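Just so we're clear, the structure is a prediction, and the values are computed from it rather than from any experiment.
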Amino acid sequence: MATTRRSLPLLRTLIAGKSQTRTVTYMPRPGDGAPRPVTLIPGDGIGPLVTNAVEQVMEAMHAPVYFEKYDVHGDMKRVPREVLDSIKKNKVCLKGGLRTPMGGGVSSLNMQLRKELDLYASLVNCCNLPGLPTRHENVDIVVIRENTEGEYSGLEHEVVPGVVESLKVITKFCSERIAKYAFEYAYLNNRKKVTAVHKANIMKLADGLFLESCREVATKYPSIKYNEIIVDNCCMQLVSKPEQFDVMVTPNLYGNLVANTAAGIAGGTGVMPGGNVGAEYAVFEQGASAGNVGKEKIVEQKTANPVALLLSSAMMLRHLQFPSFADRLESAVKRVILEGQYRTKDLGGQSTTQEVVDAVIAKLD
């Protein structure tokens with residue numbers, strides 16, 4: 001796919017930016033350049049393809065990280081203890097998708113990781129990428145989702161044959177800390193507005209408690225605009241006027257739906273980065289869960305889109321306080337997208353995963 005006339009000014013700006021001398025730089029503490037270990041879980045489906053893409057790019061950049069790789073799959077009953085020990089030691093993990101069996105009483109390993117490590121905040125950044133045409137422009141949404149309770153609490157039982165009860169748990173503690181994280185994120189990233197997504201008109205106690213917590217936290221950040229939206233209206237507004245949203249804070253289930261919808265609007269799940277974070281640990285992965293395992297045909301043809309996980313790994317590098325490496329990686333990925341010559345099928349191209357990886361490596365400064 002050739003570079004469009006519309007994208008040429010953007011390309012010239014990027015190229016011009018390369019020649020500018022950086023006058024303000026990151027001043028590391030002594031020893032900050034020591035290589036950092038990162039736990040790597042390739043996972044299922046396209047996971048090994050896209051995590052290998054990250055490994056190749058990190059090696060090409062000589063990034064100060066090295067991976068401790070573990071073989072974990074979604075059909076396992078539990079996350080192996082040695083994997084949890086590795087994450088707790090390293091504090092940081094990069095993972096591909098883990099397939100969750102439908103029904104059958106097998107619990108999700110993704111949920112196990114979140115609960116075991118108390119990764120209470122999920123963050124997905126859904127934004128337009130220069131050169132990638134979408135129905136809407138000026139989309140730059142960050143979805144921050146409570147990650148440990150709500151409908152994902154896993155509290156289900158059969159009351160009588162044919163009747164199943166599934167409990168939605170909302171607590172003041174978890175609602176307050178996700179609200180605090182959302183407002184802190186907005187404050188630290190110069191974001192102007194936080195929107196709480198809810199269904200308090202129906203679930204008056206559960207979602208009412210979530211809203212009450214958000215309102216209390218909002219009073220401590222007077223410079224950030226706060227508003228609320230019912231989840232069904234939110235979905236309609238997302239697909240009609242997504243540019244109105246900035247930071248969105250949600251309970252667990254709504255956040256999954258909202259993040260995947262926003263990702264689809266901004267270019268697809270293959271280009272949206274994300275991560276899960278708690279007080280001590282962070283796990284980075286493809287931002288939107290839909291399609292993060294992929295179809296067998298994509299795996300066989302080796303045409304999985306590595307962009308989402310590459311951008312997630314740039315987030316990881318910033319988390320590890322390697323901002324220059326993160327900038328280089330992000331800039332290279334965005335230049336490949338902008339030029340449009342190497343794109344996987346989900347972005348309208350015919351490139352393989354490896355061709356995209358090679359193109360990104362070639363664009364590294």
Side-chain angles (χ1 to χ4, degrees), residues 1 39-58 67 69-80 83 93-114 122 124 126 129 132 134 152 256-257 259-276 283-313 333 336-337 340-361:
M1 189 181 298
T39 306
L40 179 64
I41 301 175
D44 297 314
I46 67 170
L49 270 175
V50 293
T51 53
N52 178 255
V54 173
E55 288 183 277
Q56 290 183 61
V57 174
M58 291 290 181
F67 294 108
K69 192 183 298 188
Y70 290 90
D71 196 26
V72 181
H73 299 285
D75 57 1
M76 293 178 173
K77 289 186 177 180
R78 294 203 59 80
V79 179
V83 177
C93 173
L94 183 72
K95 66 180 281 290
L98 291 172
R99 185 177 283 110
T100 300
M102 300 295 178
V106 179
S107 64
S108 164
L109 295 195
N110 294 305
M111 281 303 301
Q112 286 183 30
L113 275 173
R114 293 167 195 165
S122 165
V124 182
C126 304
L129 292 174
L132 186 62
T134 57
Y152 287 59
N256 193 11
L257 305 177
N260 280 276
T261 302
I265 289 164
T269 59
V271 294
M272 299 302 147
N276 307 278
V283 175
F284 295 87
E285 60 186 339
Q286 182 170 319
S289 60
N292 68 351
V293 174
K295 298 178 180 177
E296 291 300 323
K297 188 175 180 181
I298 296 175
V299 178
E300 292 169 4
Q301 296 177 343
K302 298 184 178 180
T303 55
N305 190 345
V307 168
L309 201 65
L310 286 171
L311 294 177
S312 296
S313 64
V333 171
V336 170
I337 294 291
Q341 186 176 356
Y342 296 99
R343 293 182 181 175
T344 49
K345 191 172 182 179
D346 59 309
L347 301 184
Q350 297 296 325
S351 300
T352 64
T353 306
Q354 190 59 51
E355 286 171 340
V356 175
V357 171
D358 292 340
V360 170
I361 291 173

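A side-chain contact (heavy atoms from CB on, under 4.5 Å) with Val360 is found for one member of Val307, Ile337, Val336 and no other, namely Val336. The one candidate from Val357, Val356, Asp358 that meets the side-chain contact (heavy atoms from CB on, under 4.5 Å) condition with Ser351 is Val356.
The backbone N or O of Gly97 sits nowhere less than 3.5 Å from a side-chain atom of Gln286 that would complete a donor-acceptor pair. The backbone N or O of Gly267 sits nowhere less than 3.5 Å from a side-chain atom of Thr134 that would complete a donor-acceptor pair. For Thr303 (side chain) and Thr344 (main-chain N/O), no donor-acceptor pair under 3.5 Å exists by modelled atom type. Side-chain atoms of Ser312 do not come within 3.5 Å of backbone N or O of Pro273 as any donor-acceptor pair. When atom types are taken as modelled, the side chain of Ser122 and the backbone of Asn276 share no donor-acceptor pair closer than 3.5 angstrom. The main-chain N or O of Asn256 is found under 3.5 Å from a side-chain atom of Asn260 such that the two form a donor-acceptor pair.
In this structure, the separation between CD on Glu355 and NZ on Lys302 is 12.5 Å, given to the nearest 0.5 Å. The distance from the OG1 atom of Thr100 to the CE atom of Met111 is 10.0 Å, given to the nearest 0.5 Å. Distance check: Leu309 CG to Leu94 CG gives 4.5 Å after rounding to the nearest 0.5 Å. Expressed to the nearest 0.5 Å, how far CD of Glu55 lies from NZ of Lys69 amounts to 4.0 Å. Note that CG of Leu49 is 4.5 Å distant from OG1 of Thr353, once rounded to the nearest 0.5 Å. The line from CG of Asn305 to OG1 of Thr352 is 11.5 Å long, rounded to the nearest 0.5 Å.
Across every non-hydrogen atom of Leu311 and Val271, the tightest pair is CD1-O, 3.5 Å. The heavy-atom pair separating Met76 from Asp71 by the smallest distance is CE-O, 3.5 Å. The shortest heavy-atom contact between Val124 and Gly287 is CG2-O, 3.1 Å. For Thr39 against Tyr70, the heavy-atom pair with the smallest separation is CG2-CD1, 3.8 Å. Heavy atoms only, all atoms of each residue included: Ala266 and Cys126 are closest at CB-C, 4.0 Å. For the pair Val283 and Lys95, the tightest heavy-atom approach, listed with the atom from each and the gap, is CG1-CD, 3.5 Å.
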For this session: Walk me through it: do Leu132 and Arg343 pass the test side chain to side chain contact (heavy atoms under 4.5 Å, CB included)?
Result: CA-CA 10 Å; Leu132 186 62; Arg343 293 182 181 175; 4.0 Å; yes
For this session: Go through the steps to decide whether Leu310 and Val54 satisfy the test side chain to side chain contact (heavy atoms under 4.5 Å, CB included), and finish with yes or no.
Result: CA-CA 6 Å; Leu310 286 171; Val54 173; 4.0 Å; yes
Exercise. Under the side chain to side chain contact (heavy atoms under 4.5 Å, CB included) criterion, do Cys93 and Ile41 qualify, and how do the steps go?
Worked result: CA-CA 8 Å; Cys93 173; Ile41 301 175; 3.9 Å; yes
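Residues satisfying the side-chain contact (heavy atoms from CB on, under 4.5 Å) criterion with Gln112, sequence neighbours excluded, are Arg78, Val79, Ser107, Leu109.
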